[in-house]
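First the structure, in the form of structure tokens, and then the observations on it.
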Amino acid sequence: MVLLFREIPYPSDEYFKDAMDIYKEAFESTPEIYLDPKVFSESSGKVAKDVIWHLCVLIEENVVAMISFATCIYGGFGGYVAVKGKYRHHGYGTAVLEDMKEVIRKDSDSRGWDINFLFAEYEEKNKGLWESKGFITLPIEYFQPPITKVKKWIPMSLGVVPLSLKNTISGIEIFNFVTFLYSKIYSVKNYSRQQHYQTLRRTCESLNFDLNAPHQSR
């Protein structure tokens with residue numbers, strides 16, 4: 001069976017509801033990170049000077065997975081990824097992540113951004129799953145800013161996977177990405193005053209991380 005990776009450019013698209021149904025199934029029970037589907041309708045197909053948003057589905061006769069992500073000047077950002085319940089553990093998650101990487105590479109080439117890394121946030125309970133997909137959990141204390149009515153910073157893992165042959169990532173590359181994420185993706189006010197941000201800055205000052213070395217989970 002042929003898999004089709006398809007962009008949803010606007011909320012009136014025939015597959016938008018399918019994507020949101022899968023999203024709700026996967027994330028609605030986690031209020032700290034669950035966004036109103038209206039957010040996706042507003043960002044779908046949005047292109048700006050320094051970021052390109054994507055909402056896509058994976059189709060095999062029916063829609064089996066959804067993914068939202070962005071390409072920005074400091075790296076790709078994997079947002080929400082979900083596979084429909086009965087289709088899990090059949091390789092669709094891997095397939096949709098590989099398609100995402102290819103889109104990010106094309107975005108990078110078209111904008112001349114020379115993007116080397118794809119970043120993703122994930123909860124501690126899901127770390128093993130993301131690492132099984134090739135992501136390397138960075139040795140930093142990372143917090144996702146408040147994105148819902150639940151107004152608290154949430155401890156998360158920040159993982160990275162290379163999109164090029166580059167095998168090291170510097171602290172400044174990580175810090176630049178997180179700064180962009182907080183300021184432009186999450187639009188956090190006064191993020192630079194947060195203790196979490198200041199701690200990250202100090203950690204990144206001397207960090208040079210070998211992505212090929214054996215890694216222990218922090």
Side-chain angles (χ1 to χ4, degrees), residues 7-11 19-20 23 26-27 30-56 66-82 96-97 100-101 103-108 110-123 126 130 135 137-138 140-161 163 169 171-201 203-204:
E7 183 101 19
I8 299 177
Y10 36 77
M20 291 300 96
Y23 165 74
F27 298 105
T30 312
E32 294 88 353
I33 62 172
Y34 179 74
L35 296 171
D36 189 304
K38 183 182 178 182
V39 173
F40 294 94
S41 69
E42 293 172 345
S43 62
S44 183
K46 184 178 179 181
V47 177
K49 179 178 69 175
D50 47 12
V51 64
I52 304 171
W53 293 92
H54 296 280
L55 176 63
C56 300
M66 64 77 64
I67 186 168
S68 66
F69 61 100
T71 308
C72 70
I73 56 175
Y74 293 113
F77 174 53
Y80 292 91
V81 185
V96 79
L97 287 171
M100 173 180 62
K101 293 177 190 177
V103 171
I104 291 171
R105 290 188 184 101
K106 290 179 179 178
D107 286 344
S108 176
S110 68
R111 292 293 186 95
W113 285 343
D114 193 27
I115 293 172
N116 293 302
F117 303 106
L118 167 62
F119 297 87
E121 304 165 324
Y122 38 88
E123 298 171 280
N126 294 326
W130 283 88
F135 282 81
T137 302
L138 293 167
I140 60 174
E141 289 187 11
Y142 175 79
F143 286 78
Q144 184 189 71
I147 59 174
T148 67
K149 294 180 180 179
V150 181
K151 297 295 184 181
K152 67 177 182 179
W153 290 71
I154 304 170
M156 302 276 274
S157 293
L158 185 67
V160 66
V161 64
L163 295 175
I169 184 169
I172 191 63
E173 288 174 305
I174 299 168
F175 186 68
N176 284 342
F177 171 78
V178 175
T179 298
F180 185 91
L181 188 64
Y182 285 177
S183 62
K184 296 295 184 70
I185 302 295
Y186 288 133
S187 300
V188 183
K189 294 181 179 179
N190 300 319
Y191 64 89
S192 62
R193 300 179 185 176
Q194 291 288 329
Q195 183 61 45
H196 306 309
Y197 182 82
Q198 295 172 9
T199 299
L200 177 66
R201 182 184 59 195
T203 301
C204 287

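All figures in this text were calculated on a predicted structure; none of them were measured in a lab.
Interatomic distance, Ile73 CD1 to Thr71 OG1, rounded to the nearest 0.5 Å: 12.0 Å. Taken from CD1 in Ile140 to NE2 in His196, the straight-line distance is 13.0 Å, to the nearest 0.5 Å. Between atom NE2 of residue His54 and atom CD1 of residue Ile104 there is a gap of 7.5 Å, rounded to the nearest 0.5 Å. A distance of 8.0 Å separates OG in Ser68 from CH2 in Trp53, rounded to the nearest 0.5 Å. Atom CD1 of Ile147 is separated from atom NZ of Lys152 by 12.0 Å, given to the nearest 0.5 angstrom. The line from CZ of Phe143 to CG of Leu158 is 12.5 Å long, rounded to the nearest 0.5 Å.
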message = As a quick check of understanding, evaluate side chain to side chain contact (heavy atoms under 4.5 Å, CB included) for Tyr191 and Ser183, giving each step before the final call.
response = CA-CA 7 Å; Tyr191 64 89; Ser183 62; 3.6 Å; yes
request  = Output, in order, the C-alpha distance, side-chain angles, deciding distance and verdict of side chain to side chain contact (heavy atoms under 4.5 Å, CB included) for Phe40 and Tyr80.
outcome  = CA-CA 11 Å; Phe40 294 94; Tyr80 292 91; 3.8 Å; yes
ask   = Step by step, would you call Met20 with Leu55 a side chain to side chain contact (heavy atoms under 4.5 Å, CB included)?
value = CA-CA 10 Å; Met20 291 300 96; Leu55 176 63; 4.2 Å; yes
ask   = Would Ile174 and Val160 satisfy side chain to side chain contact (heavy atoms under 4.5 Å, CB included), going step by step from the backbone distance to the final call?
value = CA-CA 9 Å; Ile174 299 168; Val160 66; over 6 Å; no
In a table with atom names and distances, give each donor-acceptor pair under 3.5 Å that connects a side chain of residues 43-52 to protein atoms at least two apart or in another chain.
residue, atom, partner, partner atom, Å
Ser43, OG, Val39, O, 3.1
Ser44, OG, Ile8, O, 2.5
Asp50, OD2, Lys184, NZ, 2.9

Under 3.5 Å, which donor-acceptor pairs do the side chains of residues 115-122 form with other protein atoms, sequence neighbours left out?
residue, atom, partner, partner atom, Å
Asn116, OD1, Ser164, OG, 2.9
Glu121, OE1, Gln144, NE2, 2.9
Glu121, OE1, Tyr186, OH, 2.7
Glu121, OE2, Tyr142, OH, 2.4
Glu121, OE2, Tyr186, OH, 3.1
Tyr122, OH, Thr137, OG1, 2.7

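Annotation for Glu7 and Cys56: closest pair OE1-SG, 3.6 Å, computed over non-hydrogen atoms. Taking both residues in full, the closest heavy atoms of Phe69 and Gly78 are given as CB-CA, 4.1 Å, listed atom of the first, atom of the second, then distance. Taking both residues in full, the closest heavy atoms of Gly76 and Phe177 are given as O-CE1, 3.9 Å, listed atom of the first, atom of the second, then distance. For the residue pair Arg105 and Leu163, the shortest heavy atom distance occurs at NE-O, 3.3 Å.
In this structure, a donor-acceptor pair under 3.5 Å is absent between the side chains of Ser192 and Tyr182.
Of the possible polar contacts, one joining the Thr203 side chain to the Thr199 backbone as a donor-acceptor pair under 3.5 Å is found.
Side-chain contact between Trp130 and Val161 is absent, with no heavy atoms from C-beta onward closer than 4.5 Å.
For the ring pair (Phe, Tyr, Trp, His ring centres under 6.0 Å) test, residues two or more places apart in sequence or in another chain that qualify with Tyr34 are Tyr23.
Applying the side-chain contact (heavy atoms from CB on, under 4.5 Å) test between Phe180 and each of Tyr74, Phe175, Phe77 identifies Tyr74 as the sole match.
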